[in-house]
Amino acid sequence: MRPLTEEETRVMFEKIAKYIGENLQLLVDRPDGTYCFRLHNDRVYYVSEKILKLAANISGEKLVSLGTCFGKFTKTHRFRLHVTALDYLAPYAKYKVWIKPGAEQSFLYGNHVLKSGLGRITENTSQYQGVVVYSMADIPLGFGVAAKSTQDCRKVDPMAIVVFHQADIGEYVRHEETLT
């Protein structure tokens with residue numbers, strides 16, 4: 001387990017900033033202690049410094065995971081967010097999309113959000129902006145990328161895609177053998 005390099009930190013923060021913007025600082029400086037990001041087996045973990053000091057006694061080969069997995073670096077050095085980061089991104093999200101109850105199951109099966117399933121969308125959401133997807137009961141379901149801006153969503157046909165699927169809480173069931 002090691003700290004991220006400057007390049008890795010930049011790539012990861014750019015990806016997270018797509019969803020929470022300048023609220024990124026609130027992830028690191030929390031009122032309940034200082035948190036940091038650590039890399040282990042190409043996966044980035046979000047862990048408190050208190051737990052990090054305790055984990056220093058464990059060898060790297062025997063350590064499976066530590067803290068919350070935020071995502072992983074691909075072989076091409078791109079950062080891919082995991083659904084496990086949703087609980088930390090949702091409270092700070094700048095752009096949100098609420099979907100109707102009938103479209104929840106489709107989204108949780110890994111499908112994109114159609115205009116017919118769109119309940120509400122945050123004002124001034126631009127195209128290709130990272131969004132957190134909520135149910136109408138304000139339960140975070142996952143995150144994605146806005147396929148259309150807020151203005152375009154108003155005049156598009158009902159079967160058009162408005163949010164591209166990135167990750168959802170249904171992945172816990174669909175990919176439970178690969179999530180660590």
Side-chain angles (χ1 to χ4, degrees), residues 7-27 37 42-46 68-180:
E7 180 65 18
E8 290 167 341
T9 304
R10 184 188 61 77
V11 169
M12 184 192 69
F13 280 174
E14 283 175 1
K15 183 69 151 190
I16 294 173
K18 278 184 169 182
Y19 296 94
I20 63 175
E22 65 274 355
N23 293 336
L24 186 62
Q25 187 64 33
L26 298 173
L27 277 179
F37 294 96
D42 287 334
R43 296 186 190 280
V44 176
Y45 292 95
Y46 180 65
T68 303
C69 182
F70 248 59
K72 72 175 202 171
F73 282 99
T74 62
K75 295 200 185 307
T76 58
H77 301 293
R78 290 201 173 115
F79 185 71
R80 182 167 165 82
L81 276 172
H82 282 186
V83 68
T84 51
L86 180 64
D87 292 334
Y88 296 96
L89 296 181
Y92 304 119
K94 287 180 67 175
Y95 300 101
K96 302 174 183 179
V97 170
W98 289 266
I99 58 176
K100 295 177 182 172
E104 285 179 23
Q105 185 175 11
S106 176
F107 181 74
L108 294 177
Y109 281 148
N111 298 317
H112 303 306
V113 178
L114 302 177
K115 167 69 164 81
S116 60
L118 185 68
R120 297 191 321 236
I121 186 169
T122 307
E123 283 297 319
N124 301 325
T125 302
S126 60
Q127 189 175 19
Y128 307 122
Q129 176 67 49
V131 294
V132 174
V133 179
Y134 286 86
S135 68
M136 291 305 278
D138 278 337
I139 299 169
L141 299 175
F143 44 86
V145 176
K148 308 269 187 224
S149 66
T150 304
Q151 289 74 25
D152 294 342
C153 285
R154 292 188 179 114
K155 54 188 173 227
V156 76
D157 70 293
M159 295 310 289
I161 296 172
V162 293
V163 176
F164 295 123
H165 177 272
Q166 295 270 311
D168 63 81
I169 56 175
E171 287 181 20
Y172 286 118
V173 176
R174 290 194 314 268
H175 304 293
E176 65 182 320
E177 69 277 351
T178 59
L179 280 176
T180 56

Taking [atom1] in [X] as the centre, count heavy atoms belonging to other residues, nucleotides or ligands within less than 6.0 Å. Is the count above 12?
X    : atom1 : answer
R80  : CZ    : no
K72  : NZ    : no
F164 : CZ    : yes

With ring pair (Phe, Tyr, Trp, His ring centres under 6.0 Å) as the criterion, how do F70 and H82 come out once you've worked through the C-alpha distance, each side chain's angles and the decisive distance to 0.1 Å?
CA-CA 6 Å; F70 248 59; H82 282 186; 10.0 Å; no
Which atom pair, heavy atoms only, marks the closest approach of [X] to [Y]?
X    : Y    : answer
Q166 : G144 : CG-CA, 3.3 Å
S116 : M159 : OG-SD, 4.5 Å
D87  : P91  : O-CD, 3.3 Å
P158 : L114 : O-CB, 4.0 Å

Among V131, T125, T122, which residue meets the side chain to side chain contact (heavy atoms under 4.5 Å, CB included) test with V97?
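That would be V131.
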[X] side, atom [atom1]; [Y] side, atom [atom2] - distance, nearest 0.5 Å:
X    : Y    : atom1 : atom2 : result
C69  : Y46  : SG    : OH    : 14.0 Å
D42  : E8   : CG    : CD    : 8.5 Å
K115 : I121 : NZ    : CD1   : 10.0 Å
H77  : E7   : NE2   : CD    : 9.5 Å
E123 : S149 : CD    : OG    : 10.5 Å
D152 : Q127 : CG    : CD    : 6.5 Å

In this structure, is the centre-to-centre distance between the rings of F13 and F37 below 6.0 Å?
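Yes, the ring of F37 comes within the 6.0 Å limit of the ring of F13, centre to centre.
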Please tell me whether Y19 and F143 form a close aromatic pair, meaning their ring centres lie under 6.0 Å apart.
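That pair passes the under 6.0 Å test.
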Under 4.0 Å between a Lys/Arg side-chain N and an Asp/Glu carboxylate O for E14 and K18?
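The answer is no: the pair does not qualify as a salt bridge.
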Let me see the working for V113 and H165 under side-chain contact (heavy atoms from CB on, under 4.5 Å), right down to the final yes or no.
CA-CA 7 Å; V113 178; H165 177 272; over 6 Å; no
Output, in order, the C-alpha distance, side-chain angles, deciding distance and verdict of side-chain contact (heavy atoms from CB on, under 4.5 Å) for V83 and I169.
CA-CA 6 Å; V83 68; I169 56 175; 4.3 Å; yes
Measure the shortest side-chain to side-chain distance between Q151 and R154 over non-hydrogen atoms and say whether it is less than 4.5 angstrom.
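Yes. Closest side-chain heavy atoms under 4.5 Å.
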Can you find a heavy atom in the side chain of Y88 that is under 4.5 Å from one in the side chain of L27?
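Yes, side chains in contact.
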Identify each donor-acceptor pair in which a side-chain atom of residues 135-142 lies under 3.5 Å from a protein atom, sequence neighbours left out, and give them as a table.
unit_1 : atom_1 : unit_2 : atom_2 : d
S135   : OG     : A137   : N      : 3.3
S135   : OG     : I139   : N      : 3.3
D138   : OD1    : W98    : NE1    : 2.6

From CA spacing to verdict: side-chain contact (heavy atoms from CB on, under 4.5 Å), R78, F73
CA-CA 5 Å; R78 290 201 173 115; F73 282 99; over 6 Å; no
Test side-chain contact (heavy atoms from CB on, under 4.5 Å) on V133 and V163 and set out the steps.
CA-CA 9 Å; V133 179; V163 176; 4.2 Å; yes
